[in-house]
Amino acid sequence: MVKSNYAHIKEIKEYAIENKIPIMQSDGIDFLTTFIIKHQIKNVLEIGTAIGYSAIMMALCSPNLKVTTIERDETRYLEAIKNIKKLNLEDRITLIFNDALKTRIEDKYDLIFIDAAKAQNIKFFELFERNLKEGGFIITDNMYFHGLVHKNEKEIKSRNVRGIVRKIKDYITFLKNNDNYNTTIYDIGDGIAVSEKKSKGGV
Ligand code: SAH
Ligand code: MG
C-alpha cells in the first residue's frame, strides 16, 4: 500500500523524537506554513535542514514552492534525502550538504528561514541577507531557546548554554537596531522572529 503524506510525516516526527532532533514545534510550523501561504512565498532558503521536516512542511504549502536547504550533519542530511524522496519532493527541495557559513548561494529568495546553530544567528543573517529579495522576510526560530532567554542567567547552570542565551540576546538587539528591517518576535512555539526587509526608499 502506498503511504499517505500524513503517514510519512508522522514517521518523520517520531524519528525526530526518538533521535532527539530539534524539529520545529507544531504551533511554530503552523505559523510558518500559514505565513508562507498568506504572503504567497515562492521560494525559501533554509539554514538547518535536520531531517527535512520543516522543508517538507513548507514545500507542501503550495505545488509551486521551491526550497533550498543547508545541513552540515551527514547523518541528518542522508535522512533528509530519504524523507524528501518518500514525499516525492526531490524536484522542489534542493539539499546542500555543507556548513552554511562556508556556503555561497547565488539565487534570491522571498523567505530565508534561519534554524541552525543558535549562537551563529547574526553571522547567518549577515551572510544570507544578500540572497533576500526586496520586501522579503527573514524568519528565525528558537528566539526563546527553550524558554531560557527569559530566565535569570544565574539559574542557568551550564556555561555553554549561558553563552548561547547571551548570543540570542545579542541577536535580538541586532534585529531591533537594524534599520533595514522591521522585526517582530512572536510568542509562538519556541519564539519566532519575523524580519521584513523594507523596500528601498520606503518606510
Ligand atoms: N529546520 C529543522 C530543524 C533544524 S535543527 C526542522 O524544523 O525540521 C538545526 C540543524 O541545523 C541541525 O541539524 C544542525 O546540524 C544544523 N546546523 C547547525 N549549524 C549549521 C551550520 N553552520 N550549517 C549547516 N547546518 C547547521
Ligand atoms: Mg528550531
Side-chain angles (χ1 to χ4, degrees), residues 5 8-36 41 44-61 65-84 86-87 89 92-105 109 111-129 131 137-149 160-161 163-165 167-168 171-172 185-195:
N5 282 356
H8 286 307
I9 288 163
K10 194 164 167 264
E11 274 180 13
I12 296 171
K13 285 199 223 169
E14 282 162 4
Y15 178 98
I17 294 169
E18 273 163 32
N19 295 281
K20 297 198 168 57
I21 295 166
I23 62 167
M24 259 202 135
Q25 299 177 7
S26 53
D27 46 353
I29 207 83
D30 285 349
F31 174 85
L32 187 62
T33 51
T34 306
F35 186 94
I36 284 173
I41 301 294
V44 182
L45 174 64
E46 176 183 64
I47 320 300
T49 318
I51 57 172
Y53 171 69
S54 52
I56 288 168
M57 295 304 283
M58 291 191 280
L60 292 176
C61 286
L65 185 94
K66 294 211 165 156
V67 181
T68 297
T69 177
I70 312 174
E71 174 57 53
R72 68 175 173 190
D73 179 281
E74 188 167 21
T75 311
R76 292 181 180 183
Y77 163 74
L78 293 173
E79 193 62 29
I81 292 185
K82 278 201 258 169
N83 290 332
I84 288 158
K86 280 183 195 165
L87 284 123
L89 290 169
R92 293 202 289 118
I93 301 179
T94 305
L95 285 160
I96 298 173
F97 172 46
N98 200 5
D99 185 328
L101 293 175
K102 295 184 184 140
T103 308
R104 298 294 178 269
I105 304 273
Y109 297 84
L111 172 65
I112 297 176
F113 177 47
I114 302 177
D115 191 18
K118 305 307 157 192
Q120 310 285 337
N121 280 343
I122 296 182
K123 285 190 188 158
F124 295 133
F125 192 106
E126 288 185 329
L127 177 59
F128 293 107
E129 66 171 326
N131 298 103
F137 302 91
I138 297 183
I139 295 189
T140 314
D141 191 30
N142 305 100
M143 296 302 292
Y144 295 168
F145 199 54
H146 319 294
L148 293 172
V149 169
N160 181 32
V161 172
I164 297 172
V165 166
K167 294 271 190 174
I168 295 175
Y171 183 57
I172 294 171
I185 298 174
Y186 292 92
D187 188 10
I188 292 167
D190 192 27
I192 297 178
V194 176
S195 307

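For this chain, numbers begin at 1 and follow the sequence in order. All ligand and atom numbering here is 1-based and tracks the order in the structure. The figures that follow rest on heavy atoms only: side chains count, while hydrogens, waters and symmetry mates do not.
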Looking at [atom], what's its closest protein heavy atom, distance included?
| atom | answer |
| --- | --- |
| atom 18 (C) of ligand 1 | Ala117 N, 3.2 Å |
| atom 15 (O) of ligand 1 | Glu71 OE2, 2.6 Å |
| atom 17 (N) of ligand 1 | Ala116 CB, 3.7 Å |

Quick one: which ligand 1 atoms are inside 4.0 Å of a heavy atom on [X]?
| X | result |
| --- | --- |
| Pro22 | 3 (C), 5 (S) |
| Met24 | 6 (C), 7 (O) |
| Phe124 | 22 (N) |
| Asp115 | 1 (N), 2 (C), 3 (C), 4 (C), 5 (S), 6 (C), 7 (O), 9 (C), 10 (C), 11 (O) |
| Asp99 | 21 (C), 22 (N), 23 (N) |
| Tyr53 | 8 (O) |
| Asn98 | 23 (N), 24 (C) |
| Ser54 | 1 (N), 2 (C), 6 (C), 7 (O), 8 (O) |

Answer side chain, backbone, both or neither: which part of Thr49 comes under 4.0 Å from ligand 1, heavy atoms only.
backbone
Which atom of [X] lies closest to which atom of [Y], heavy atoms considered:
| X | Y | result |
| --- | --- | --- |
| Ala193 | Ile185 | CB-CG1, 4.0 Å |
| Arg92 | Ala59 | NH1-O, 2.9 Å |
| Ala80 | Ala50 | CB-O, 3.7 Å |

As an exercise, state the distance from CD1 of Ile21 to CD1 of Ile12, rounded to the nearest 0.5 Å.
11.0 Å
Are any non-hydrogen side-chain atoms of [X] and [Y] less than 4.5 angstrom apart?
| X | Y | value |
| --- | --- | --- |
| Ile9 | Tyr53 | yes |
| Met58 | Leu65 | yes |
| Met57 | Leu32 | no |

Taking both backbone and side-chain atoms into account, decide whether Asp190 has an N/O/S atom under 2.8 Å from the Mg ion (ligand 2).
no
Under 2.8 Å from the Mg ion (ligand 2) - does any N, O or S atom of Asn142 fall there?
yes
I'd like to know whether ligand 1 has Arg76 as a neighbour, heavy-atom separation below 4.0 Å.
yes
Proximity flag Glu46 to ligand 1, non-hydrogen atoms under 4.0 Å:
yes
Determine whether more than 12 heavy atoms belonging to other residues, nucleotides or ligands lie under 6.0 Å from atom NZ of Lys167.
no
Are there more than 12 heavy atoms of other residues, nucleotides or ligands under 6.0 Å from atom NZ of Lys66?
no
Ligand 1 and [X], any nitrogen or oxygen pair closer than 3.5 angstrom?
| X | result |
| --- | --- |
| Ala100 | yes |
| Phe113 | no |
| Arg72 | yes |

Mutual orientation of the aromatic rings belonging to Tyr77 and Phe97 [parallel < 30°, tilted 30-60°, perpendicular > 60°]:
parallel
Once salt bridge (Lys or Arg N to Asp or Glu O under 4.0 Å) is applied, do any residues pair with Lys10, and if so which ones, sequence neighbours excluded?
Glu14
Report the name of the N/O/S atom of Asp141 located nearest to the Mg ion (ligand 2).
OD2
Restricting to N, O or S atoms of Asp115, which is nearest to the Mg ion (ligand 2)?
OD1
Pick from Val44, Thr94, Thr49: which one makes a side-chain contact (heavy atoms from CB on, under 4.5 Å) with Thr68?
Thr94
For the pair Arg76 and Glu79, find out whether any cationic side-chain nitrogen is under 4.0 Å from an anionic carboxylate oxygen.
no
